[in-house]
Every structure is written in structure tokens, then in C-alpha cells.
Amino acid sequence: MRVTSLLSTALARLVVVGAAIALALPTGAQGQDVEERFPGVSLGITYDGREAATLAIQPFTGVSGGEEIASQVQGIIGRDLRYSNRFQVLDSLPRGISRDEVDYGLWDQIGADFLVTGRVEGAGITSTLVVELHDIVYREVMDRARFPLPNPDSGDFRMAVHTAADEIVYWATGDPGIAATRVVYSQRMEDGNQELWVVDFDGENRRRITDHASISMSPAWSPDGNRVAYVSYRTGLPRIYELNLSTGEERSVPAPREGDYITPTYTPDGQSLIFAVVGGRRSGLFTYNIVRECCFANISEGPYEDISPTVSPDGSRIAFNSNRLGEGAPQIYLVPVGGGQANLLSPYTPGRPGYYSSPDWSPLGNRIAFHGRVDRGMPHQILISEVGTGTRSNRLVQVTSQGRNEDPSWAPDGRHLVYVGERNWGRGLFIVDAVTGNERTLVSGIRPNVPAWSPSLASGVTADR
Amino acid sequence: MHYRRLFFVFAVLGAVTLGACRRESPEPPAPPQEQEDPGPDLDSLQRVQDSIAAAEAEARRQAELERAQADARATLEQMVFFDYDESAITPQAEQVLRQKVEILEASPNVRIRLEGHTDERGSVEYNQALGNRRAESVREFFVQFGLSADRFQTTSYGEERPLVNRSDEEAWAQNRRVEFVITAGADQINPPNM
């Protein structure tokens, strides 16, 4: 029996490795294929070849009424951990295996590196989720925490459970999880208008947050996750507004000069917006302190359009999109946040300039995602460029290859991206893990525009150790 | 028919002569119509007929003016179209814009918002900028013809307000456009000066 188990464990691991190779090979092949198309592209994804740790989830238990939601909570956490793309998750285990004591030997035989156990205590507004992460090799509890759970019917319930999942990811990897996050995007409605919608990271809890019967688009999250800046055409001209998600109050950016006010983004301190003013003979990037409602200032200006700014996490530099090198050939540039010399980031080649657009700076600071294509007629794909301290980087990877894909936005873990995808069956929002290349559909059956991934929204629910 | 036309010519001549004799009459002479059976009191009948004719002529002039104004307005509001990923004015667009220039020269109180649009290909945000550039191209064209830049406001809807909601070459060509929205002086549109 022991031998059989070990053998099956070994087989299971072989399967995992096989899956990893199967994943890596086609994408690697695409990478080579792509090399002829995108200058400087070296590999399809940044697959690091390491085998993901196996994480098992022991069926959650409940006491004092907690039994009723235990399996629901476990289901949410199991999917969250799978969507983190950091583990081989084993969570479809027979209920008979559920017990309060952990049989480390059994889990070792099954092949788990980590084990998650969970217990829901109480029901309604007084319930608590107790989670433990066990190290199977060392046969000990690595970490544990108690999470207060709101009423399962309340809108905060799933976010509280996601917060627990993110804590597990942090315990196991030292990196932040992304389950307690949301994506905001605009959606083209039946009447041709666009409203802003928000969806949880797992595709649940989708809801509309604007109702202006106009075009609302290009949303950006404030660093604290409480506010969303966006463009609205409600007055007939595109202007920038900020919606406070908890109070519903709105502020607007004044328009002291003529032009379209588009593509807002926040500075890392959450005080200011940086955006483009397009129109007149000169367009440029501007900044405005939305908290103090002052200090409208210019960053760049010229007889071309600088748009879609994104700020480095240290607040020192801006990446943006511009047609400085010619119409129909937008490129990505870097410029100091105070203005100055702009340097090219995208893989521009004279005579074959390509089209690169919609940059988003990774929260980890080291990479910028954008989308583009080399020649007309080619579908746009999501690309990631390393950002060195120098002027131009030649390390570029392509992380999508199916259909056409645009407008990437980083998750707070700096490895997942959400973007608008078009497939032969329709459009939707997709998420790719830039490390494994795993792609999943977040929302489909709608016409979404320009998504933005929130920072961690877990701060509302604190772990009580 | 010949007789009628002849009679008409004589009637006009008569009216003109009559008008010339009567200096006190403020009414401009106008061709009376259908005078088959002139009555005995030629003078008073003539006055009635004159005033009817004048009113009818005035109505005709008014109708013609309104038609010309409507034509002018339609010309002003006529969209112009662009090539893929371009903001340059095409020769076809230039023909339309030249007609607009003549009307705008004759209609100094008219102000227009130029709304640029793109097809759905390419980046959503870049297309917002591209639409604005198309609107600016139109404004620059007008300015080159001596029209004041501040009569025109530019904005862009990018790819968000397609004219034709399909994904083919024909639809894309229709969607790459600048629309002209009259924001002031809509009741003071004059046909081109001759």
C-alpha cells in the first residue's frame, strides 16, 4: 500500500512536470515564431521551469452553525489559490478525509508540500474563519490566523474570504496574493453608451458603478482602492472625474485649457492625477492635485499627442504613449515625472516602426506591459518590457498569442495581467499569468474597454492572529 | 400658351410703367399672374393684384432662401471621411470642406464643434487622440482659408460612437470621420456669397 502510494505520488509529480513541459513548449515555440515579428522578443513567456509546490486543502469543518458555509468558504479559497498560479492545488478530496487533526504522513504520501485546514466557527454576523497552513515536510503549522466573516449574504463576505486566501499565499510564498482585488472597466451598453463596471478577481460580484447615460471610460484606481478616476463625456466633451467608491461623491478635474481630457492615472501617493490634454495645436501630459484641488501643471507638451501615462511605483518616472515618431506608429516612452528628455521603450525599428500603445507600469517597478503589433493587419498582442535604469531595454516578452488582445493592467502581484481580448467566439476580459502563461477568462459575453486592476482591497478585513 | 406668355410680358411691362408713374407706392413692381378677364375698375383691381403678386413673390423668395439655407446647413453638417490611421484631409474631403468654407465666410455667426471619430481597429485610447487629430486637421484647413480658429471647437469620440456597427472595410471607412455640430448661429446660416 505504501509502495503503491509512493508510486502514484511519483506518477502524479511526473504528470505535473509533464504538464509544465507541455505548457512551456508551445509557448516557447511561439516565442521563436514571434521573434521574427516583434524585434527583440526572446521568449513567449517568462516561464521559470520550477515545479509549482503542491498545496492540498483538507475539507473545511464548521462548529456552532459554521458547518453550513464551511464548504462554500473552502470552495472560494480553493479557487483563489488555483488562480494564484503558484501551486498545484489538490482540493477535490473525499469528505471522509476531513478531521481536525492533521495526518502529516498521509498528506506526505499524497504528495502535498503544503496543507491548508480551515474551520468556520459560528454563523451569521458573529462567525469566524480559522485558517492554518501546514508544512508537510517539517510536519508543523507554519502560520495561522482568525478572520472575522461578515454575514454570507452581505457584499463583503466574499472579500473577507479572499483576504484569508491572500494570507495563505503570503505565508507560503512571501509574496502578496491577489484574491482580494477587483477589476474596473467600461462596458459598451445596448444604447451605445458606456458605463463603468466592477468585478471581483474571480469573476463574481459583477456590478455597474456609474449611471450617466454617456460614455464613461479609461478608469484608474487610487492607490488606496477607495477612488476611481475616469473619463466621462457627460457634458458633451471628455473630462476627468473621480468617484469615491465608499461615499459615491464625485470630484472633477478643471479644464483651464481647450482640449479633450483623457487617460487619467494616479501618482503613487494618491494625491495627484496625471492625464493627457489633447487638442489645439499642442497637446501634452498634465498633472492636477485632486485631493487639494489645486496645482494644475504641465509635464510634457508638443505638436504631437502624449497619452496613456503610467507612473513608476517609486513615483520618479512616467511611461506614456506618443506619436512623436509618426502618425499610425505610436510608441512607448519614458520620461522623468517632472518632465524632460523622453526615451523610447518600445521596439521601434526604422522603416518598420510598429504600433505600441497603452503602457502599464508593474507594481514591482521592474516591467512595463503594453500592447502592439509590428505590421498592419497583425493582431495586437500583450507585451512586457523590462525597465532598466538605462534608456532602452531589449528584453521583451509576448504573453498572449490567441485572438487579439489590448489594454493590459497589472495585478498587485506584478505577475498577472488583465486585458481586453477578442476571440472568434466573442470579446471579454482575460487574465494571464506572465510566469506560467496560464490564461483564464474573467468576464465574457460583453464588450469591455480598458480595464484597471485594483490594489489589494483586503485592508478592510484584518487578520486576527 | 403663346398668347398667355405674351400677355404676361405685356402685363409686366405695364406694371413696371405703372410702378414708375406711381412714386408714392412703396411696393416693388412684381409680375401679376393669370389676368384672363380684366374688370372694369382696372386701377383698383391692379392694386389688389399687385399686392397679391408681391406677397407671392416674397413667399417664393423666402422659400428659396430657406431652401438655400437648408442646403447650406446640410453642406455644413456633411461629414468628411479619412483614410486608415490617417488624419490628412483626402481630396474628396477637401471638396466638401471648400463648400463649407464658402458658407462659413457668408455666415460669420456660425460656430461649429468638430467631432472626430475612428474605426474600431487599434488602441482605444490612441484612437481618442487620433479622432481629435482628425478634427484638428479640419480646423487647420478652415484656418488656412482665413476663417477664425476660435469659431471651431474640436473633440473626439475615438472608436466609441461608430456610424456603422459592423466590422468590415465598408463600415470602417464610414466610421473614420469628422462630424460637424453647429453650436451657435444655426439660424444665421447664409448660402455662399455670389
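These figures come from a predicted structure and were not determined experimentally. Numbered from 1 within each chain, the chains take letters A, B, ... in sequence-line order.
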Mind listing the closest non-hydrogen atom pair of A/I307 and B/A129 along with its distance?
CG2-CB, 4.1 Å
Dump the intermediate steps for side-chain contact (heavy atoms from CB on, under 4.5 Å) on A/E258 and B/T154, then the final yes or no.
CA-CA 9 Å; A/E258 192 199 346; B/T154 61; 4.0 Å; yes
Applying salt bridge (Lys or Arg N to Asp or Glu O under 4.0 Å) to B/E86 and not counting sequence neighbours gives none
Proximal component of A/A276, with respect to chain B [non-hydrogen, under 4.5 Å]:
neither
Non-hydrogen contacts under 4.5 angstrom with chain B: give the residues of residues 213-221 of chain A involved, or none if there are none.
A/I215, A/M217, A/S218
Please classify the contact of A/R376 with chain B as side chain, backbone, both or neither, using a heavy-atom distance under 4.5 Å.
side chain
Roughly how far apart are A/D407 CG and B/Y126 OH, rounded to 0.5 Å?
14.5 Å
Looking only at heavy atoms, what is the nearest atom pair of B/P162 and A/R188, with distance?
CG-NH1, 4.2 Å
Between A/Y355 (side chain only) and B/S123 (backbone N and O only), is there a donor and an acceptor less than 3.5 Å apart?
yes
Using a cut-off of under 4.5 Å on heavy-atom pairs, state which of A/P330, A/S308, A/S357, A/S358 scores highest against chain B.
A/P330
What's the spacing between A/E422 CD and B/S167 OG if we round to 0.5 Å?
6.5 Å
Counting only non-hydrogen atoms closer than 4.5 Å, can you tell me which residues of residues 99-121 of chain B sit against chain A?
B/R113, B/E120
Hey, could you give me each pair passing ring-ring contact (aromatic ring centres under 6.0 Å, His included) that has a residue in residues 70-111 of chain B? Not counting sequence neighbours.
none
For residues B/N132 and A/G279, report the shortest heavy-atom separation together with the two atoms involved.
OD1-CA, 3.3 Å
Could you tell me which portion of A/E327 (side chain, backbone, both or neither) has an atom closer than 4.5 angstrom to a non-hydrogen atom of chain B?
both
Polar contact flag, side-chain donor to acceptor under 3.5 angstrom, A/T263-B/E125
no
Looking only at A/L237, A/V278, A/D260, most heavy-atom pairs under 4.5 Å shared with chain B are made by A/D260
Does any backbone or side-chain atom of B/E160 lie under 4.5 Å from a heavy atom of chain A? Answer side chain, backbone, both or neither.
both
